[in-house]
Amino acid sequence: MAFLPITKEEVLKRGWDAPDFVLVTGDAYVDHPSFGPAIISRVLEDEGFHVAILAQPDWKTDRDFTRFGRPKLGFLVTSGNIDSMVAHYTAARRKRSDDAYSPGRKAGKRPDRAVIVYTQKIKQIYPDMPVVIGGLEASLRRFAHYDYWDDAIRPSILLDSGADLLIYGMGENQIRQIAHRWRQGELPGQMRDIRGTCYVIPTADYTPGPAVDCPSLEQVKASKREYAISCRKQQDEHDAVRGRTVLQKHGKMLVIQNPPMPPLQQEELDAVYALPYERMYHPCYEKEGGVPAIEEVEFSITHNRGCFGACNFCSIAYHQGRAITARSERSVLQEAERFTHNPRFKGYIHDVGGPTADFRHPSCRKQETLGLCKGKKCLAPTPCRALEADHVEYLQLLRKLRAIPKVKKVFIRSGIRFDYLMEDKDDSFFRELVEHHISGQLKVAPEHCSAAVLDRMGKPHIETYKKFARRFYGLTKEIGKEQYLVPYLMSSHPGSTLKDAIELALFLKEEHIRPEQVQDFYPTPGTISTCMFYTGLDPYTLEPVFVPRTDKEKAMQRALLQYFNPKNRPLVLEALRLAGRTDLIGNGPHCLVKGDPQTAPKAKGALAQNRKQKSRNQPPANPKKGKRSRVWNQTKKPR
């Protein structure tokens with residue numbers, strides 16, 4: 001095994017006069033299957049293509065983009081594992097000070113809107129050179145979309161960047177087809193029939209056929225109602241079984257999305273994870289302190305893809321899809337066994353998961369022929385009657401992983417769906433999860449407690465979480481361990497009023513939960529919740545949705561989730577007065593803050609203090625603590 005070439009000298013040492021493809025990425029080069037660029041480059045290598053990696057190039061000069069000379073076929077461009085704007089800015093639009101996907105955690109190694117900047121630079125240097133874009137940033141911006149950082153509607157990233165073709169979703173099969181046809185002389189701009197891709201043509205050149213027509217760029221700019229309709233149509237057609245071609249006019253041009261590529265079959269997924277990854281960052285980064293993002297995932301195993309949970313604020317369903325595909329038991333066990341031969345392995349498998357750790361099969365049997373239900377969710381607001389909740393296969397896999405010699409502990413850190421778990425009538429998995437797979441804390445995501453807010457989030461109601469928590473602490477006591485739940489919570493989501501935030505604060509007090517940090521809703525492209533944030537409408541009902549918009553509104557909701565922090569007292573007092581809940585001010589057992597409800601001071605300076613709070617959606621400050629790392633204090637177990 002060897003890293004793919006990153007310099008011209010390494011290209012020549014391999015006996016190539018030039019690479020077939022130059023893959024440009026906004027991340028440092030990490031050759032690990034948790035990183036999309038690593039998968040795509042290794043898939044192409046396995047298909048017989050020569051790939052060079054251009055990681056975090058200097059976009060202000062031509063030097064890095066001409067490092068390899070002119071590639072034989074073309075350029076592939078991605079911002080990396082995460083969106084470049086999310087990598088750079090908090091939910092309050094403040095510049096981040098670090099970047100876990102860059103060497104030494106140094107920020108500023110990639111530009112804002114990296115896909116656009118890189119592609120435009122390539123087109124400036126090589127005007128006739130084809131460019132294919134992909135990855136999360138491109139996938140979520142394939143249509144006209146609300147951009148939180150501009151606070152405006154931006155056109156499809158295809159038009160902004162000038163790229164020839166866009167791959168959306170998980171792109172292994174797309175890139176295989178594209179690469180082979182490219183080699184045979186067909187340019188990406190001519191490829192108009194590959195599923196899982198988008199392209200642009202003059203509207204006059206389009207031959208009408210079966211398709212879903214979305215409101216145009218001009219219409220969604222002029223009307224929030226039209227934007228909501230557009231969002232709903234795009235979400236509804238993101239299904240590999242029943243999804244149709246989707247059209248959206250941009251002036252005289254037409255953006256065309258072909259139906260989604262079917263997810264990889266199990267044997268195909270196994271083959272992707274069996275490719276010869278180095279499973280580490282490139283040695284050139286050692287002198288800069290390495291790439292922190294590898295620390296958690298180096299000895300983690302991804303066993304599944306897709307998420308039928310499909311929370312409204314999450315982009316996974318719109319990128320990976322809702323259909324579940326899982327690797328075979330043999331494939332996962334082989335990967336774990338290879339860990340034991342790595343001198344860096346200390347016996348701990350950090351995670352066996354994916355978008356949702358405990359999904360190993362479709363939520364119901366009809367999906368293979370009919371697809372997932374349009375406009376409905378498998379788990380929320382209540383589980384579908386057709387849901388098949390079964391952890392037998394996952395539990396058997398975990399037992400075999402625990403039995404591998406030199407494996408001391410197998411953790412589950414990517415999160416489980418507690419609502420799905422509670423639907424399983426056999427609690428064998430629950431018991432063994434508590435006994436064997438938790439390092440003192442288990443991350444779960446109730447997100448809120450208000451039924452109205454949870455409905456907007458596409459999450460189950462809080463009673464399910466309460467039942468889960470009682471069972472978790474009951475099992476923990478039976479086993480004789482001291483372990484705690486780490487509930488993720490979100491403030492200021494569309495639909496959340498000040499009254500709802502107070503309800504959540506009271507829930508936290510009752511359950512003895514004291515979050516040290518909370519997440520403000522972050523309107524990233526491609527989600528239903530972002531559509532609600534921008535339009536103030538539910539795209540599925542077109543009913544009005546309350547949206548907390550001002551810094552003050554958000555600060556008060558955030559402060560209520562940390563009502564116990566003395567610094568937040570002025571904002572909490574003001575919020576309680578505004579909501580008419582002065583009964584919660586005082587020394588009573590149900591009060592949130594102490595004081596005289598008649599003489600409570602006005603908030604001064606608290607807004608500035610609350611601005612220091614960081615968004616949960618940032619890249620991990622400490623990758624060892626996981627994708628959504630947070631520190632929590634719980635002095636007592638919830639009742």
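One is the number of the first residue; the rest follow in order along the sequence. The figures here come from the full heavy-atom set of this structure, side chains too, leaving out hydrogens, waters and symmetry mates. Because the structure is predicted, anything quoted here is derived from the model rather than measured.
- Side chain of R141 to backbone of G526: no donor-acceptor contact under 3.5 angstrom is found.
- Salt bridge R305/E172: present, at least one basic N to carboxylate O contact under 4.0 Å.
- The aromatic rings of F299 and F339 lie perpendicular to each other, with more than 60° between the two planes, well past the 30° mark.
- Shown here for I82 and L136, the closest heavy-atom pair between the two residues is CA-CD2, 4.4 Å.
- Between R70 and D128 there is a salt bridge, with a side-chain nitrogen of the basic residue lying less than 4.0 Å from a carboxylate oxygen of the acidic one.
- When side chains are defined from C-beta on, T66 does not count as touching K8, because their heavy atoms never get closer than 4.5 Å.
- Of the possible polar contacts, one joining the Q190 side chain to the L187 backbone as a donor-acceptor pair under 3.5 Å is found.
- Using a 4.5 Å heavy-atom cutoff, the side chains of T197 and M191 are not in contact.
- Here the closest heavy-atom approach between residue I153 and residue A144 is recorded as CG2-CB, 4.3 Å.
- Side-chain N/O atoms of H350 and S300 include no donor and acceptor closer than 3.5 Å.
- Minimum heavy-atom separation, A114 to S79: CB-CB, 4.0 Å.
- Closest non-hydrogen pair, P276 versus D31, comes out as O-OD2, 4.0 Å.
- Ion pairing of D147 with R113 is present here, as a side-chain N (NZ or NE/NH1/NH2) and a carboxylate O approach within less than 4.0 Å.
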Step-by-step side-chain contact (heavy atoms from CB on, under 4.5 Å) determination, R344 to M280: CA-CA 11 Å; R344 295 186 297 273; M280 195 56 178; 4.0 Å; yes
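- Within the 3.5 Å criterion, the main-chain N or O of G306 finds a donor-acceptor partner in the side chain of Q320.
- The shortest side-chain heavy-atom distance between Q519 and Y488 does not fall under the 4.5 Å cut-off.
- Within the structure, salt bridge (Lys or Arg N to Asp or Glu O under 4.0 Å) pairs that include any residue of residues 241-262 comprise E237-R244 (at least two apart or interchain).
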side-chain contact (heavy atoms from CB on, under 4.5 Å) assessment of L247 paired with Y206: CA-CA 10 Å; L247 314 175; Y206 176 67; 3.6 Å; yes
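- Across T535 and Y227, no two heavy atoms sit closer than the pair CG2-CD2, 3.7 Å.
- Side-chain atoms of Q219 come within 3.5 Å of backbone atoms of S216 as a donor-acceptor pair (strictly under, hydrogens ignored).
- Under a cutoff of 6.0 Å and an axis angle of 45°, R93 and Y148 form a cation-pi pair.
- R42 has no carboxylate O lying under 4.0 Å from a charged side-chain N of D46, or vice versa, which leaves the two without a salt bridge.
- Between the side chains of N258 and T245, no donor-acceptor pair is found at a separation under 3.5 Å.
- A salt bridge is defined here as a Lys NZ or Arg NE, NH1 or NH2 lying under 4.0 Å from an Asp or Glu carboxylate O, and K106 with D98 fails to meet this definition.
- A donor-acceptor pair under 3.5 Å is absent between the side-chain atoms of E298 and the main chain of I294, judged by distance alone.
- How far CG of L73 is from CE of M129: 8.5 Å, rounded to the nearest 0.5 Å.
- Salt-bridge formation is detected for the pair R413/E296: a Lys NZ or Arg NE/NH1/NH2 atom is positioned less than 4.0 Å from an Asp or Glu carboxylate oxygen.
- Between the R181 side chain and the I178 main chain, no donor and acceptor come within less than 3.5 Å of each other.
- Under 4.0 Å is where a charged nitrogen must lie from a carboxylate oxygen, and between R110 and D27 at least one such pair does.
- In terms of modelled atom types and a separation under 3.5 Å, the side chain of E47 and the main chain of A179 share no donor-acceptor contact.
- Using modelled atom types, no side-chain atom of E288 and backbone atom of Y285 make a donor-acceptor pair closer than 3.5 Å.
- Between the side chains of S331 and S328, not a single donor N or O lies within less than 3.5 Å of an accepting N or O.
- Cation-pi geometry between R154 and Y146 is not satisfied (NZ or CZ under 6.0 Å from the ring centre, within 45° of the ring normal).
- Although no hydrogens or angles enter the test, the distance criterion places no donor-acceptor pair under 3.5 Å between the side chain of E218 and the main chain of H250.
- In this structure the side chain of P262 reaches within 4.5 angstrom of the side chain of R195, judged on heavy atoms.
- Residues passing the ring-ring contact (aromatic ring centres under 6.0 Å, His included) test with F359 are F308, Y420, sequence neighbours excluded.
- A salt bridge does not link R67 with D62: none of the charged nitrogens is closer than 4.0 Å to a carboxylate oxygen.
- A donor-acceptor contact closer than 3.5 angstrom is absent between the side chains of Q56 and T25.
- Judged by distance alone, the side chains of R105 and S102 never bring a donor and an acceptor atom under 3.5 Å apart.
- Between K374 and D239 there is no salt bridge, since no side-chain nitrogen of the basic residue lies less than 4.0 Å from a carboxylate oxygen of the acidic one.
- Relative to the ring axis of Y89, R94 does not place its NZ or CZ within 45° and under 6.0 Å from the centre.
- With hydrogens and angles disregarded, no donor-acceptor distance shorter than 3.5 Å links the side chain of D270 to the backbone of V332.
- Checking R279 against H32 by side-chain atom types alone, a donor-acceptor pair falls below 3.5 Å.
- Around the NZ atom of K287, the shell of radius 6.0 Å holds no more than 12 heavy atoms that belong to other residues, nucleotides or ligands.
- Ring-plane geometry between H493 and F313 is classed as perpendicular, the angle between the planes exceeding 60 degrees on a 0 to 90 degree scale with a lower cut at 30.
- Ring geometry for Y118 versus F65: interplanar angle of 30 to 60°, hence tilted.
- Geometrically, R549 engages F533 in a cation-pi contact defined by less than 6.0 Å to the ring centre and at most 45° from the axis.
- The two residues L140 and S315 make their nearest non-hydrogen contact at CD1-CB, 3.6 Å.
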